[in-house]
Amino acid sequence: MKIATWNVNSIKARLPTVLEVLKTIDCDVVCLQEIKCETDAFPYLEIEELGYNCAVHGQKTYNGVALLSKHQLEDVVKGLPDNEGDDQARYIEALVMCEHPIRVGGLYLPNGNPAPGDKYDYKLKWMDCLLSHATELLKQEDAFVLAGDYNVIPRDEDCWDPAVWRDDALALPSTRAAFQKLKWLGLTEAYEAADGRAHEYTFWDYQGGAWQKGHGIRIDHLLLSPQAADRLEKVEIFKKAREMEKPSDHVPIIAELTD
DNA sequence: ATGGCAACCAATGGTTGA
């Protein structure tokens with residue numbers, strides 16, 4: 001089965017592009033971030049036509065996440081548990097009822113710039129909350145995937161120029177340390193495990209011809225529980241999405257697991 | 001010295017993102 005994550009940067013502004021990409025990558029499960037619409041405004045009909053069930057945690061103007069699945073979705077959770085006071089729609093989770101059911105959490109981790117500051121504090125608090133939730137999920141000893149826009153550049157070789165990103169909230173040592181903590185819990189970063197090549201990216205800024213110059217960063221990730229990691233076959237970054245009409249600044253990253 | 005690009009809401013400019 002194939003699980004994808006993709007920050008679409010507004011689903012209303014580029015619905016034809018989104019539908020085209022979804023048809024092409026043909027995944028079982030897709031986690032979408034930055035849908036930038038309220039739950040009721042989600043284009044359910046168009047996406048259901050592609051064979052997907054939709055669970056949506058929307059928000060006006062900013063953020064907003066959705067889970068699309070060709071299998072039944074059960075036990076939908078909106079918002080990161082025990083993150084009281086967080087009014088931003090950044091997390092959605094459900095149990096995907098395929099042959100071997102798998103729990104999937106879709107997340108849009110805060111950017112955190114400028115750092116230091118309130119926004120960076122919010123990012124680190126959010127990461128700590130995600131760590132707690134992952135700890136709880138691991139106790140169940142079942143297959144699960146936490147996929148999304150982590151806004152984390154894990155290694156220097158995951159960006160085109162480390163000097164440019166050194167003091168950025170996406171690459172600061174505290175950010176990388178918080179991401180590393182998730183891995184130390186026992187989660188496997190799918191790209192690193194299945195491929196791991198340097199200078200492969202999932203985001204290119206719209207500005208300054210970043211795509212044409214190859215000035216990207218790898219910030220969209222899938223973290224797998226041990227039971228899911230055992231099933232990992234390959235990972236693909238769907239770069240073609242960045243060449244389409246009205247592209248998102250992110251492209252999908254897809255993990256393929258055995259059924 | 002600063003914008004660059006894109007989307008949003010609101011309104012012909014300000015905010016946010018990464």
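Quick note on labels: first sequence line is chain A, next is B, and so on, each numbered from 1. What you see is a predicted model; the values in this text were computed from it and never measured.
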Revision key, fill the gap. Here the distance between atom C1' of B:dA6 and atom CG of A:D205, to the nearest Å, is 9 Å
Exercise for review: Using a 4.0 Å heavy-atom cut-off across all strands, classify A:D220 as base, sugar-phosphate, or nothing.
Suggested key: nothing
Revision key, fill the gap. Winner on side-chain proximity to A:R90, out of B:dG17, B:dC8, B:dA18, is B:dG17
Check your understanding: Going by atom types only, do A:D82 and A:H133 share a side-chain donor-acceptor pair under 3.5 Å?
Key -> no
Practice item. Determine the interatomic distance between C1' on B:dC9 and the same-named atom on B:dG3; round to the nearest Å. Key: 22 Å
**Study point:** Phosphate contact (B:dA18 OP1 or OP2) by A:Y108 side-chain N/O below 4.0 Å
**Key:** yes
Point to revise | Sugar-phosphate, base or nothing in reach of A:Y62, heavy atoms under 4.0 Å | key: base
Check your understanding: When the P atoms of B:dC5 and B:dA10 are considered, how many whole Å apart are they?
Key -> 26 Å
Point to revise | Any A:K36 side-chain N or O less than 4.0 Å from OP1/OP2 of B:dG17 | key: no
Review point. Do we see a donor-acceptor contact under 3.5 Å between the side chains of A:Y62 and A:Q88?
Key: no
**Study point:** A:E49 and A:K23 ion-paired at < 4.0 Å
**Key:** no
Check your understanding: Can you check the A:Y122 OH to B:dA18 P distance for me, whole Å?
Key -> 12 Å
Review point. Has the side chain of A:N151 got a donor or acceptor that lies under 3.5 Å from a partner of the other kind on the base of B:dA18?
Key: no
Review point. Whole-Å distance between B:dC8 C1' and A:Q59 CD?
Key: 12 Å
Check your understanding: Which comes earlier along DNA chain B counting from the 5' end, the contact point of A:K12 or that of A:E34, where each point is its nearest nucleotide?
Key -> A:K12
Review point. Distance only, no hydrogens: is a donor on one side chain within 3.5 Å (strictly under) of an acceptor on the other, for A:D86 and A:Y122?
Key: yes
Practice item. Could you work out the separation of B:dA18 and B:dG14 based on their P atoms and round it to a whole Å? Key: 22 Å
Practice item. Provide, to the nearest angstrom, the distance between the NE2 atom belonging to A:H215 and the C1' atom belonging to B:dC5. Key: 16 Å
Point to revise | Crowding at CG, A:D161 (>12 non-hydrogen neighbours, <6.0 Å) | key: yes
Check your understanding: Rounded to whole angstrom units, what separation is found between the CG atom of A:D118 and the C1' atom of B:dT16?
Key -> 16 Å
Exercise for review: Rounded off to whole Å, could you give me the CG-to-P distance for the A:N63 and B:dC9 pair?
Suggested key: 13 Å
**Study point:** Contact under 4.0 Å: A:N7 side-chain N or O vs B:dA18 OP1/OP2
**Key:** yes
Review point. Are OP1 or OP2 of B:dA18 and a side-chain N or O of A:N111 less than 4.0 angstrom apart?
Key: yes
Review point. When the distance from CZ of A:R218 to P of B:dA18 is rounded to whole Å, what number comes out?
Key: 17 Å
Check your understanding: Is the distance from OP1 or OP2 of B:dC8 to the nearest side-chain N or O of A:S10 less than 4.0 Å?
Key -> yes
**Study point:** Interatomic distance at P, B:dA6 relative to B:dA1, whole Å
**Key:** 27 Å
Exercise for review: Let me know, please, whether A:L170 or A:K246 comes out on the 5' side of the other along DNA chain B by nearest nucleotide.
Suggested key: A:K246
Review point. Within less than 4.0 Å of OP1 or OP2 of B:dA7, is there a side-chain N or O belonging to A:R14?
Key: yes
Review point. With sugar-phosphate meaning primed atoms plus P, OP1 and OP2, does A:K119 contact a base, only sugar-phosphate, or nothing at under 4.0 Å between heavy atoms?
Key: sugar-phosphate
Review point. If you check the A:K60 side chain, which of B:dA7, B:dC9, B:dA18 turns out closest?
Key: B:dC9
Point to revise | Side chains of A:E38 and A:D40 in contact at under 4.5 Å (non-hydrogen atoms) | key: no
Point to revise | Distance-only donor-acceptor check, side chains A:D220 and A:N7, under 3.5 Å | key: no
Point to revise | Side chain of A:N9 - closest among B:dA7, B:dA18, B:dC8 | key: B:dA7
**Study point:** P-based separation of B:dC8 from B:dT2 [nearest Å]
**Key:** 29 Å
Point to revise | Nearest-angstrom distance from the residue atom OH of A:Y206 to C1' of B:dT16 | key: 13 Å
Check your understanding: Taking the same atom, P, in B:dT12 and in B:dG17, what whole-Å distance lies between them?
Key -> 23 Å
